[in-house]
Amino acid sequence: MTQNTRSPSRRTVLKTVGAATALGLTGCLASGEERPDDVILPPPENYDALRDADLPYPIYGELVPEAAVPDVLTGEPVSTRQFVDQRALLLTFVYTRCEGICLSLGSNLVHAQAAAADAGVSDEIALVAISFDPAYDTPERLRAWGRERGLDYESGNAHLLRPESPERARTVVEGRFGEAYERNDQGEGMPFLHTGLILLVNEGAVVERAYAGEPPQPATVVDDVETLLGV
Amino acid sequence: MRRRDVIGGLAGLATVGAAGYVLGTRPAAGVEPVELETVEAPGSDSGRMSIPEHGRPTLVEFFATWCHVCADSMGDLRAAHDRLAADVQFVSVTNEPLGHAVTREEIAQWWRAHDGTWPVAVDDDLALTEALDATAVPTVVVLDADNLVTWTGTGRHPADELVERVVAAGGERA
């Protein structure tokens, strides 16, 4: 989980981050008219611009892409669509090797899990991280990574997904979800640069929020999760 | 209503209030203090602390017990703390959810293991994290006596730099 997402060379990364940054600057383009159905949260402030930007990742109102990837906590595959009609989904993309300044991508899952537990709705949300570095992120390392950050495995709503191969990771993480990543040979302690995407999905499999570009405040993510769950 | 909601409301008012001024001459608004729980640990008493405290400069470091760079930064923080006068508010803060990700005792254990000698507080409601816009760990924020942010830095910083940043915000050396 690197902090430096602003100077990568892979075009898709630049496109993603550049678009998100530019959109941030356009400020408040209120979108009242064409709000998608099947969403609970109001549109993000810059929704019109986001929609026009043809971003590589799914945004507000779009269906979450489908992918089934083995969960290192159970050994069973978990599909990003299996929670339909049962749970909301908070999904992010990680690698465990970050030894530098690490964004709180994993911590957002931990905060959301704690907030759901405090509200007694642990069974209404799934917290899912997909590794894009399966060559290094063995099941043991991924489990240790989650445990270290305080992810609770007992409540059964956390899933740490490890694609079967680096090729499969590329297909799923970048191909389906638009979370671009690349190896970083310069950055000290940061083997990867990546978009830092977090998706909040409702139980109809529709994306409610796609946090990308600038890292979101954990409080923003928790507030959105609480609003979505009605707590 | 959560504390961070109150703070969000206040921040919103501040933004509206400032909108009447010409861009560039906008008067900076000091950060509203947040009252956090402090943990019983070396150099830290169990209690509550208002951060950032009005009337004196503050250095607040956001860390996490899982963060290796945070652990590696403790020597520099300790040296900076030793070299700054007692009137500087010097505090480390973790926002890991208490009772879920960590317990008070685990924070105290981490503090002992890494030789902390100053107050350590918990922001598990994320109120201070949001007020100071910390999105990564470690992040160090320095504020002056009016609670204006004078510097924010992520990652590890030498003790010399930390001291200089606090002195630049009006802090005195020990």
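Per chain, numbering begins at 1; letters A, B, ... match sequence-line order. We use all heavy atoms of the structure for the numbers below, so side chains are in, but hydrogens, waters and symmetry mates are not.
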Using 0.5 Å steps for rounding, measure from the CG atom of D133(B) to the CD atom of Q217(A).
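So the gap between those two atoms works out to 5.0 Å.
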Separation of L151(A) CG from H100(B) NE2 (nearest 0.5 Å):
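These two atoms lie 12.0 Å from each other.
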For D124(B) and H111(A), does a side-chain donor sit closer than 3.5 Å to a side-chain acceptor?
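No, because no side-chain N or O of D124(B) sits under 3.5 Å from a partner of the opposite role on H111(A).
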Is the number of heavy atoms from other residues, nucleotides or ligands within 6.0 Å of CZ (R104(B)) greater than 12?
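Open.
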Neighbour count >12 (heavy atoms, 6.0 Å) for atom CD, E154(A):
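Open: at most 12 neighbouring heavy atoms sit under 6.0 Å from CD of E154(A).
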Heavy-atom pair with the smallest gap, counting every atom of P215(A) and T135(B)
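Smallest heavy-atom distance, with atoms named: CG-OG1, 3.5 Å.
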How close do P97(B) and A114(A) get, heavy atom to heavy atom, and via which atoms?
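Distance-wise, the nearest heavy atoms are CB-CB, 3.6 Å.
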Under a 4.5 Å heavy-atom cutoff, which of L98(B), T65(B), D72(B), N95(B) has the most pairs with chain A?
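Of the options given, most contacts go to N95(B).
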